[in-house]
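These notes are about the structure you will find just below.
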Amino acid sequence: MSIENNLKQIYQRMGKAAEGASRGLQEIKLLAVSKTMKVEAVREAYQAGQRVFAENRVQEWLEKAPALPKDCEWHLIGRLQTNKVKYLNDNITLIHSLDRLNLLKTLEEQGTRRDIIWPVLVEVNTARDPDKAGLMREELEDFLNAIADCSHVQAFGLMTIGALEATPEETQGFFRELHQIRDVLQKKKIPHVNLDELSMGMSRDFELAIAEGATIVRVGRQIFGDRQAMNKPANI
Ligand SMILES: *Cc1c(COP(=O)(O)O)cnc(C)c1O
């Protein structure tokens with residue numbers, strides 16, 4: 001199967017899932033997760049019309065993005081180390097994985113120094129797995145208030161991964177919970193904090209996520225095929 005065909009199929013499946021939830025496909029953005037994939041594969045997706053891509057390592061993004069046309073949108077997913085923030089720039093459309101206070105502080109510092117306002121989603125540990133990234137729901141209000149105090153970090157919504165070993169029913173439950181948490185927090189009307197976006201759903205569960213209100217789905221393997229074993233992280 002070609003990347004072009006894969007993309008077509010994903011958009012069809014997204015369309016069906018949206019229809020099933022009485023939603024419009026145009027309110028859901030597909031991120032093509034190109035992490036570990038070669039530039040040629042990303043170009044193929046671009047040629048098929050895809051414009052929105054996601055990487056999980058700053059280093060890889062810095063190498064790949066300049067090789068693609070300027071009208072691509074780049075999202076950062078996956079854990080962001082504080083010492084990598086200095087390599088980021090305002091070509092990042094959205095950082096999906098703000099998950100802790102010291103990262104917020106670093107973003108605010110770097111943003112202030114470099115006159116960049118970082119667009120972020122707050123990652124929520126809906127599976128309540130202590131080994132996974134993301135804030136617990138009871139920590140969120142304080143955290144969003146901390147973001148509200150930052151002049152160089154702008155929240156746009158919430159993100160979750162769920163749990164890798166979960167059944168589809170459990171996974172759908174995690175997605176539903178993220179939506180509910182968002183609705184509760186939205187009522188608090190925290191100044192300058194926007195919570196419109198819900199980033200949830202990957203190759204194996206994006207339809208469930210759409211059923212539960214996802215506005216952004218993050219699909220890698222179903223577009224690009226299986227990933228090779230990851231290289232050792234480079235030095236930046
Ligand atoms: C890799 C990754 C994805 C995509 O996963 P696939 O199973 O390849 O669709 C989505 N979200 C995050 C945070 C990821 O790291």
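Indexing begins at 1, ligand by ligand and atom by atom, following the structure's order.
Of all atoms in ligand 1, numbered sequentially from 1 with element shown, those under 4.0 Å from a heavy atom of Arg218 are 4 (C), 9 (O), 10 (C), 11 (N), 12 (C), 13 (C). Shown in contact with Gly220 at under 4.0 Å from a heavy atom are these atoms of ligand 1, numbered in order with element: 4 (C), 6 (P), 8 (O), 9 (O). Of all atoms in ligand 1, numbered sequentially from 1 with element shown, those under 4.0 Å from a heavy atom of Arg221 are 6 (P), 7 (O), 8 (O), 9 (O). If you number the atoms of ligand 1 from 1 as listed, the ones under 4.0 Å from a heavy atom of Val219 come out as 9 (O).
Closest to atom 12 (C) of ligand 1, if we only count protein heavy atoms, is Ile77 CD1, 3.5 Å. Here the heavy atom of the protein found nearest to atom 3 (C) of ligand 1 is Met202 SD, 3.8 Å. When only non-hydrogen protein atoms are considered, atom 9 (O) of ligand 1 lies nearest to Ser203 OG, 2.6 Å.
When only modelled atom types and interatomic distance are considered, Ser34 and Glu55 share a side-chain donor-acceptor pair under 3.5 Å. There is no side-chain donor-acceptor pair under 3.5 Å between Glu177 and His179. Side-chain atoms of Gln186 and Asp196 include a donor-acceptor pair closer than 3.5 Å.
Using a non-hydrogen distance threshold of 4.0 Å, Arg227 registers as a contact of ligand 1. Residue Asn56 places every heavy atom at 4.0 Å or more from ligand 1.
With hydrogens and angles ignored, the 3.5 Å screen pairs a side-chain donor or acceptor of Lys64 with a backbone N or O of Met37.
When each of Lys29, Glu27, Glu197, Arg23 is tested with Thr215 by the rule side-chain hydrogen bond (donor to acceptor under 3.5 Å, both in side chains), just one qualifies, namely Glu197.
One finds a salt bridge joining Arg176 and Glu212 here, because a Lys/Arg side-chain nitrogen approaches an Asp/Glu carboxylate oxygen to under 4.0 Å.
Rounded to the nearest 0.5 angstrom, Cys150 SG and Asn145 CG are separated by 11.0 Å.
When heavy-atom distances to ligand 1 are checked against a 4.0 Å cut-off, Lys35 comes that close only through its side chain, counted from C-beta outward.
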